[in-house]
Structures are given as structure tokens and as C-alpha cells.
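Scroll down for the structure; my scribbles are underneath it.
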Protein chains: 2
Amino acid sequence: MQLSSRFTVAVHTLLVIHVFGKTEKVTSEFIAASVNVNPVVIRRTLQSLKAAGMVGVKAGSGGASIVKDLHDISLLDVYRAAGCVEGELFHFHETPNPDCPVGHNIHAVLDAHLADAQAAMENELKKVTLADLVAELPAKA
Amino acid sequence: MQLSSRFTVAVHTLLVIHVFGKTEKVTSEFIAASVNVNPVVIRRTLQSLKAAGMVGVKAGSGGASIVKDLHDISLLDVYRAAGCVEGELFHFHETPNPDCPVGHNIHAVLDAHLADAQAAMENELKKVTLADLVAELPAKA
DNA sequence: TTTGTTGTAACCTTTTTGATTACAACGTTA
DNA sequence: TAACGTTGTAATCAAAAAGGTTACAACAAA
């Protein structure tokens, strides 16, 4: 089981807007051609990124642009904006038996550790900005 | 989107076996009553834990037992044994456009960072052993 | 042999993801 | 203002996966 691709699609989307934004009108169809998904998926992604204050989208005339400094957008920001994980990363079985000492305390002993693990992952995503990714782009081309 | 509950169910299962193993025959039905899932789900969990060398299960007569020191079983071990994530945690859209500079390089610029984030999470799980959890159990009861 | 349990296949339901169609709303331009 | 291309968004669909459930052969012990 893997997390939704919304996150990587969102990162890809932002990079396309950055790279082509100066020279082309970057429409949902244009981005979709690079990511290789349906344009509607990109439009939904753009709405999420817009709600997070990262991009502007021109209804009618068309075209997306980045409205925030790439140094100020971390992978964690994109991850959160994409909304592929709501709240807790780990999933608990519902209603463990409260009459059993283990079932009664399973959350008490596990929750904090799982939260730590999730925080460690998110903290790592926070270290990387889109500006870092852009810097790596040409070098690997 | 959350990870499968297989992981937390597996932890719960191991704790039940530990707590009741001395005094009762811990069957899949017994564990299922604490976790509050179907006994077959527990049997499948037990097979995974058995394959990982953590438990022994008596076919026929019934009952599961732990066959490894709890100090030597980390949450990461259980996480891996439960198999709720195969390989990569993050999911990529398939076949990004290789003719686009972004599509062509998206893996090159993202893979390492995502692997770092996943490793940070797993590393945190590695720090906690089942013995730690057991130590926390009575204190919170 | 009887009883209770495991091991496992098979099937079903539910949920979720992403694909897709459809279309009204919108901006630009001719 | 009319035509055109694009966005915003709802609705629907198919595919995948998770967990639930039934079923039953294999097995161990009394």
C-alpha cells in the first residue's frame, strides 16, 4: 500500500509551471501532457495548490503561474496541500476491545510513537524546497 | 489516505500474546476478540509474524506464542513483517512524459528525497521495541 | 474418533483512486 | 458582442485494495 500519487503529481505540476511559465501559457492540458494524466486531474491539483497560496490560475483565458517564492515552498507544504494524507499516517483498527487490558491501552502505548515516526518523515520533507529541486533539474538533464 | 491497519493489528496481536500467553491458550479467536476483527484476519497476521520468526503457531491444538526476545523486535520489524508497505512509501504517476525536461527528470530530482523521508520514518520505528511498549502498558492501565 | 483449532482459498462488500465525460462560467480577442 | 479556448466542478465509471466472511481440509490432542 502506497500513498496517493497526488503528492508527486503536485510537485511535478509546480515544476512544469516554473520551467515553462516564462515562455508558454501553461494550461492544465499542457501540464497533463508532461505528467501523463487526465487534464481534469491537473485542474483538481491546481485548485489544491491555489487554495494553499502557491499558484494562481486564470479562469477563462487559461494558464497557471507560481505566486510564491520557490525557496518558501517545501516538499512538506506541497504534501500537505496535495492532501494525500489527512491527519494520521497510520491507521488503527476501529474500536479495540475496551474490556481487554491490551485493547484498552493500545492507543496509549502506540499513538505517541507513531506520531513520532510520522513527524520524522514530514520533517525530512520540510528540509527540501522546490528551489532545491529546480537547482537539481538542469544538472541531471 | 492512510496505511493499512495491518501494522497496528500486528502490534496489538503480539501484545495480546505476550500478556496472556502465560495463563491462557491464545487462539486467533481470543486475539480477534481483543482487536475486534475477524479471526481470519488474525490468522493471516499470525502467518506473517510467523514467517518473520516472531511467533510460533500450533496448528491443530491451537495457540500462538512469541519465540523472540521482545527487546529484539522493533516496531520497524513488525511494520515490515505486516507488509502494509511494499518497497516505496510514496507513489509515482506512471510513465511521465520522457520528451519533457520535467517529466524526464522528475524521478532523478525526487526519488532520493522521498527515500530520505521514508527512511526517517522507518528509523523512528526502529527505535521502539515491543519491550518498550510492554513497559508502558501497566503504567497506563 | 471426536473436538477444537489452524491454514488457506474463495468470494463479497466497501472504499478509494484516478479516468473520463459533460457543461456552465469565465476572459480574451477578433 | 460573438466566438473561442480554458477553467471549475459535478457526476459517473472502472479498477484496485482492504477487510469481512464463509467454507473446509489438515492437524493435534484428549
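Chain identifiers are assigned alphabetically (A, B, ...) following the order of the sequence lines, protein sequences preceding nucleic acid strands; residue numbering begins at 1 within each chain. Quick note: numbers below take in every heavy atom, side chains included, and nothing from hydrogens, waters or symmetry partners.
Counted within 6.0 Å of NE2 on B:H71, heavy atoms from surrounding residues, nucleotides or ligands total 12 or fewer; the atom is thus considered open. Atom NZ of B:K58 is surrounded by 12 or fewer heavy atoms from other residues, nucleotides or ligands within 6.0 Å.
Residues A:V57 and B:S4 both approach DNA chain D. Their nearest nucleotides, taken by heavy-atom distance, put A:V57 toward the 5′ side. Looking at which nucleotide of DNA chain C each of B:A59 and A:A59 is closest to, the 5′-most match is held by B:A59. Both A:S61 and B:G62 lie close to DNA chain C; mapped to their nearest nucleotides by heavy-atom distance, the more 5′-ward contact belongs to B:G62.
Atom pair B:L3:CG and C:dT17:P shows a separation of 13 Å (rounding to whole Å applied). When the P atom of C:dG4 is taken as reference, atom CZ of B:R43 falls 14 Å away, rounded to whole Å. The CD atom of A:E94 sits 16 Å away from the P atom of C:dT14 (whole-angstrom rounding). One can place NZ of A:K25 at 12 Å from C1' of C:dC26, the figure rounded to the nearest angstrom. Here the P atom of nucleotide D:dT21 and the CG atom of B:N36 are 10 Å apart, to the nearest Å. Note: NE2 (A:H91) to P (D:dG19) measures 7 Å, nearest angstrom. Following rounding to the nearest Å, A:Q47 (CD) and D:dT6 (P) show an atom-to-atom distance of 17 Å. Atom-to-atom, CD1 of B:I42 to C1' of D:dA18 comes out at 15 Å; the value is rounded to the nearest Å.
Phosphate proximity of D:dT7 to A:K50: absent, as no side-chain N or O sits under 4.0 Å from OP1 or OP2. For C:dT6, the OP1/OP2 oxygens have a side-chain nitrogen or oxygen of B:S28 closer than 4.0 Å. Phosphate proximity of C:dG18 to A:S5: present, with a side-chain N or O under 4.0 Å from OP1 or OP2. The side chain of A:T27 contributes no N or O atom lying less than 4.0 Å from OP1 or OP2 of D:dT6.
Counting only heavy atoms from C-beta on, B:V41 has its side chain closest to D:dG19 among D:dG19, D:dT9, D:dA18. Comparing C:dT6, D:dT22, D:dT9 against the side chain of B:N38 picks out D:dT22 as the nearest. With C:dT8, C:dG18, C:dT20 as the choices, the nucleotide that has an atom nearest any side-chain atom of A:R6 turns out to be C:dG18.
Taken to the nearest 0.5 Å, the NE2 atom of B:H104 stands 12.0 Å off from the OG atom of A:S34.
Residue contacts for B:G60: at a heavy-atom cut-off of 4.0 Å it reaches a base atom on one of the strands shown. At the heavy-atom level, B:V40 lies under 4.0 Å from base atoms of the strands shown.
A donor N or O paired with an acceptor N or O is found under 3.5 Å between the base of D:dG20 and the side-chain atoms of B:R44.
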- [ ] Given side chain to side chain donor-acceptor pair (under 3.5 Å), test A:H113 with A:Q118 step by step and report yes or no.
- [x] CA-CA 9 Å; A:H113 297 300; A:Q118 178 173 356; over 6 Å; no
TODO: Start with the C-alpha distance between B:T95 and A:N36, add both sets of side-chain angles, then the distance that settles side chain to side chain donor-acceptor pair (under 3.5 Å), and finish with yes or no.
DONE: CA-CA 7 Å; B:T95 60; A:N36 197 22; 2.8 Å; yes
TODO: I would like to know whether B:H91 and A:T8 meet side chain to side chain donor-acceptor pair (under 3.5 Å); could you show each step before the answer?
DONE: CA-CA 7 Å; B:H91 184 212; A:T8 53; over 6 Å; no
